[in-house]
Amino acid sequence: MTEGTTSATEGGDTLTRLEQEGEIAADYLEGLLDIADLDGDIDMDVEADRASVSIISDSTGRDLQKLVGREGEVLEALQELTRLAVHRETGDRSRLMLDVAGFRARKREELTALGVKAVEEAKGSGEPVKLKPMTPFERKVVHDAVAGAGLRSESEGEEPERCVVVLPA
């Protein structure tokens, strides 16, 4: 087999590993919800070669907003803690994505629209368009939206001031 190809067995192994990450994360998060006395259901999936875990609620989800925090700060910290819990169990670094009460899903829609708007601006002006500083998750969504619209983008600066620059054609 040549380098860069994946056999069905390797793909199955990856899926099994990602499902295991999701299960470990779900157990960790269920324990956390119990300790915090918060109601929520755990939904697991595998998206774009990474485990994806969501905490959802049948009620208004107001309690779950505590796990999101201002601008998603608590969610980012909770995601890192969950990744550490997975790492402790598996010994492997996890790229798991965590969403709480649909926060990331809504944010993804907003950022995609922002990326498309920046593409239109760069095409119209012929000049690079520099966006505000963003988290790694936010930058990834914008880069994907820009690529999907047919332009290139790059990140510049140092954390926490790292931002996306959309380049004209």
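If you're wondering where the values come from, they're calculated on a predicted model, not measured in any experiment. Both backbone and side-chain heavy atoms feed into the values below; hydrogens, waters and symmetry mates do not.
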For E109, salt bridge (charged side-chain N to carboxylate O under 4.0 Å, His left out) partners two or more places apart: none
Tell me whether the count of non-hydrogen atoms from other residues, nucleotides or ligands lying under 6.0 Å of CD in E71 goes above 12. no
What residues, two or more places apart in sequence or in another chain, satisfy side-chain hydrogen bond (donor to acceptor under 3.5 Å, both in side chains) together with T82? none
For residues L81 and I55: do they belong to one hydrophobic cluster (side chain heavy atoms under 4.5 Å, members Ile, Leu, Val, Met, Phe, Trp, Tyr)? yes
Partners meeting salt bridge (charged side-chain N to carboxylate O under 4.0 Å, His left out) with E80 (sequence neighbours left out): R83
In chain order, what residues pass the side-chain contact (heavy atoms from CB on, under 4.5 Å) check against K117, with sequence neighbours excluded? none
Taking only distance into account, with no hydrogens and no angle test, what donor-acceptor pairs under 3.5 Å do side-chain atoms of residues 19-45 form with protein atoms, sequence neighbours excluded?
from, atom 1, to, atom 2, distance (Å)
E21, OE1, S94, OG, 2.9
E21, OE2, R17, NH1, 3.1

Are the side chain of T90 and the backbone N or O of D92 linked by a donor-acceptor pair below 3.5 Å? yes
Once side chain to side chain donor-acceptor pair (under 3.5 Å) is applied, what residue pairs with a partner in residues 97-106 remain, sequence neighbours excluded? E76-R104, Q79-R104
Main-chain N/O of G157 paired with R162 side-chain donor or acceptor, under 3.5 Å: yes
Could you pull out all residues at least two apart from E156 that satisfy side-chain contact (heavy atoms from CB on, under 4.5 Å)? K130, C163, V165
When clusters are formed from ILVMFWY side-chain contacts under 4.5 Å, directly or step by step, what else is grouped with F137? M97, L111, L114, V119, V129, L131, M134, V141, V142, V146, L151, V164, V166
With sequence neighbours left out, the residues meeting salt bridge (charged side-chain N to carboxylate O under 4.0 Å, His left out) with R70 are E73
Can you list everything that forms a side-chain contact (heavy atoms from CB on, under 4.5 Å) with P136? Sequence neighbours excluded, please. R139, E159
Residues which pass side-chain hydrogen bond (donor to acceptor under 3.5 Å, both in side chains) with T135, listed by chain and number, not counting sequence neighbours: E138
With clusters defined by side-chain heavy atoms of hydrophobic residues (ILVMFWY) lying less than 4.5 Å apart, directly or transitively, does V86 cluster with L98? no
How close do P168 and G126 get, heavy atom to heavy atom, and via which atoms? CG-O, 3.3 Å
